[in-house]
Amino acid sequence: MARLDVRLDKERRRRLEELVEERGVPISAVVRCLIDDAYEDVVRVRRQQAAERLIGLNVEDTPDPDTLSRELEAAHEPGGLH
């Protein structure tokens with residue numbers, strides 16, 4: 001695991017400490033969770049945008065939802081932010 005030094009103003013530090021107290025876990029666990037949640041939000045938006053682009057193509061022979069879901073996940077899997 002890599003170490004990261006983050007500087008927070010007083011208000012953000014207070015909010016972080018409130019989350020730590022609420023969840024009952026270490027600061028590092030809260031930060032990791034927040035990063036994961038933010039990343040999932042980005043991936044969710046990308047998948048939605050990809051689906052909207054596909055809908056815009058007006059493809060007559062569309063794949064079934066499971067196949068389409070697998071194809072979208074493969075095209076926009078985590079680790080592929082660019």
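These numbers were taken from a predicted model, which means no experiment stands behind them. Position 1 is the first residue of the sequence, and the numbers go up from there.
- Under the 4.5 Å side-chain heavy-atom criterion for ILVMFWY residues, no single connected hydrophobic cluster contains both Val6 and Tyr39.
- The structure places OG of Ser28 at 7.5 Å from CE of Met1, a figure rounded to the nearest 0.5 Å.
- Residue Asp66 holds its CG atom at 6.0 Å from CZ of Arg70, rounded to the nearest 0.5 Å.
- Once rounded to the nearest 0.5 Å, the distance linking CD of Gln48 with CZ of Arg53 reads 10.5 Å.
- The two residues Leu19 and Leu34 come nearest to each other via the heavy atoms CD1-CD1, 4.1 Å.
- Here the CD1 atom belonging to Ile35 is positioned 9.0 Å from the CZ atom belonging to Arg32, to the nearest 0.5 angstrom.
- One finds a salt bridge joining Arg15 and Glu11 here, because a Lys/Arg side-chain nitrogen approaches an Asp/Glu carboxylate oxygen to under 4.0 Å.
- Taking every heavy atom of both residues into account, Asp64 and Thr67 meet most closely at OD1-OG1, 2.6 Å.
- Under the 4.5 Å side-chain contact rule for hydrophobic residues, Val25 and Val20 share a cluster.
- Atom CZ of Arg12 has 12 or fewer heavy atoms from other residues, nucleotides or ligands within 6.0 Å.
- Taking the side chain as every heavy atom from C-beta outward, Glu40 and Asp37 never approach each other to under 4.5 Å.
- Counting all heavy atoms, side chain and backbone alike, Ala50 lies closest to Leu72 at CB-CD2, 3.6 Å.
- For the pair Arg3 and Asp5, the salt-bridge criterion is not met [side-chain N within less than 4.0 Å of a carboxylate O].
- Taking both residues in full, the closest heavy atoms of Arg23 and Val30 are given as CD-CG2, 4.1 Å, listed atom of the first, atom of the second, then distance.
- Under a cut-off of 6.0 angstrom, the local environment of CD in Glu21 is sparse, with at most 12 non-hydrogen atoms contributed by other residues, nucleotides or ligands.
- Residues Leu68 and Leu54 meet the side-chain proximity criterion, which asks for heavy atoms closer than 4.5 Å.
- Among Leu16, Leu4, Asp36, the one residue that satisfies the side-chain contact (heavy atoms from CB on, under 4.5 Å) test with Val31 is Leu16.
- Few gaps surround CD on Glu17; more than 12 heavy atoms of other groups in view lie less than 6.0 Å from it.
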